[in-house]
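Heads up, the thing below is written out as structure tokens.
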2 protein chains.
Amino acid sequence: MSDHEQQPLPPTSRLSGDALPPVEQHAQQYETVRNAHETELIEDYVELIGDLLRHRGEARAADIASRMAVSQATVSKMIRRLNELGLVTSRPYRSLFLTEEGHKMAETSRARHDIVLHFLRALGVRDTTARIDAEGMEHHVSDETLAIMQRFTEKHQP
Amino acid sequence: MSDHEQQPLPPTSRLSGDALPPVEQHAQQYETVRNAHETELIEDYVELIGDLLRHRGEARAADIASRMAVSQATVSKMIRRLNELGLVTSRPYRSLFLTEEGHKMAETSRARHDIVLHFLRALGVRDTTARIDAEGMEHHVSDETLAIMQRFTEKHQP
DNA sequence: CAAATAGTTTAGCCTTGGCTAACAATTATT
DNA sequence: AATAATTGTTAGCCAAGGCTAAACTATTTG
């Protein structure tokens, strides 16, 4: 027998930290994180490809490899996946391009990324740190929080 | 040839979003995220075990499984890893306990988690959302940002 | 106390996302 | 044009973190 939510918490439980959330809610937190992890890498690739296309006019596998600090083989394998998912089109030794759907994903991802990054800067975080944190955080920020971050940034940085 | 940082950006690059960071910095962002992912799950387990011990007095594999929404087999395997890492002690069919080191990790993790959670609430995020976002974000927030979040929370919520 | 229920472990499978090494194709240089 | 350098692909390896099914242990209950 375990995890009887109905029994009152022992007195020690208020010494520090919040109470444990009910099991279902707690479980949902972890599930949300696991789901985010599944899409995270895909979104990172697509977002980076979008950025490269926008800033450089082309997105080569080699650029992705060096910017992600990952081997070319890894990138090659990943591109095959992105292809199968219908997010990019690729011809060997040519620049990658995003499909309609890939483009949409890149835009959404970049928008989210920008909001988090600008929010952190508005909060007072140094640029380099803000960039690192934003990269990690962006996939875990809900729309609700995102909206609040955006409002905050607008108010605190004219 | 690709990724010549020295050539001036084409005019289109200022249409939206920030400029691309230099390759080394960009690479470091992704590396930091990858490293975070490696420790993330470990920390989540250890933190949860700490919470269960604190709030319930014991931490059983079954509780962890239901709170993480994961099979008992997965938990069992993970506990073996935590054991090898010297973070928990376990005897079959008995509650888990944290080692000295595990306890330290749990505390650090919980502290970070709390700061992020309270910060989000102070920002105006609803409790349920804040909990979900905090769970995902906590492993990607640098000490610098954490400190800023804490100051913010103190100021905005006495 | 025997049987049922709950908790735990083990074995074996799968997918992801890394890697290196070897090879192929393209592009650049001499 | 030949060679060198860069870029890309493929094959095959590994660890992590899920899963189910089956077996075993402990606890609760009839």
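Quick note on labels: first sequence line is chain A, next is B, and so on, each numbered from 1.
Atom-to-atom, CD of A:E84 to C1' of C:dT15 comes out at 13 Å; the value is rounded to the nearest Å. Regarding B:R81, its CZ atom lies at a distance of 17 Å from the P atom of C:dT9, rounded to whole Å. Atom pair B:L85:CG and D:dA16:C1' shows a separation of 12 Å (rounding to whole Å applied). Per the geometry, CD belonging to A:E38 stands 11 Å off P belonging to D:dC19, to the nearest Å. For A:Y93 and C:dA25, the OH to P distance is 7 Å, given to the nearest whole Å. Residue B:I79 contributes atom CD1, which lies 14 Å from atom P of C:dG7 at whole-angstrom precision. Between the CE atom of A:M68 and the P atom of C:dG18 there is a distance of 8 Å, given to the nearest Å. C:dT26 atom C1' lies 13 Å from atom CZ of A:R91, rounded to whole Å.
Side-chain atoms of B:R94 lie closest to D:dT27 of the nucleotides D:dA16, C:dC19, D:dT27. Considering only the side chain of A:V70, C:dC19 comes nearest among D:dA26, D:dT20, C:dC19. Out of D:dT20, D:dG17, C:dC19, the shortest distance to the side chain of A:A73 is found at C:dC19. Here the side chain of B:S71 is nearest to one of D:dG8, D:dC19, C:dG18, namely D:dC19. Side-chain proximity of A:K77 to the nucleotides D:dG17, C:dG7, C:dG17 is greatest for C:dG17. Of the candidates D:dT10, D:dG18, C:dT10, the closest approach to any side-chain atom of B:Y45 belongs to D:dG18. When distances run from any side-chain atom of B:A62 to the nucleotides D:dT10, C:dA24, C:dG7, the shortest one goes to C:dG7.
Position along DNA chain D of the nearest nucleotide to A:Q72 versus B:M78 favours A:Q72 as the more 5'-ward residue. Between A:R80 and A:R34, it is A:R80 whose nearest contact on DNA chain D lies nearer the 5' terminus. Judged by closest nucleotide on DNA chain C, B:S90 is the one of B:S90 and A:T74 placed further toward the 5' end.
Taking the six-membered ring for Trp and the full ring otherwise, the centers of A:H118 and A:H156 sit at least 6.0 Å from each other.
A:F119 meets the ring pair (Phe, Tyr, Trp, His ring centres under 6.0 Å) test with A:F152; sequence neighbours excluded.
Under 4.0 angstrom from either OP1 or OP2 of C:dT9 there lies no side-chain N or O belonging to B:R60.
Using a 4.5 Å heavy-atom cutoff, the side chains of A:L96 and A:L52 are not in contact.
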task = Evaluate the criterion side-chain contact (heavy atoms from CB on, under 4.5 Å) for residue pair B:E138 and B:E43; output intermediate values, then yes/no.
result = CA-CA 10 Å; B:E138 61 167 319; B:E43 284 180 13; 5.7 Å; no

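Side-chain atoms of A:T153 come within 3.5 Å of backbone atoms of A:M149 as a donor-acceptor pair (strictly under, hydrogens ignored).
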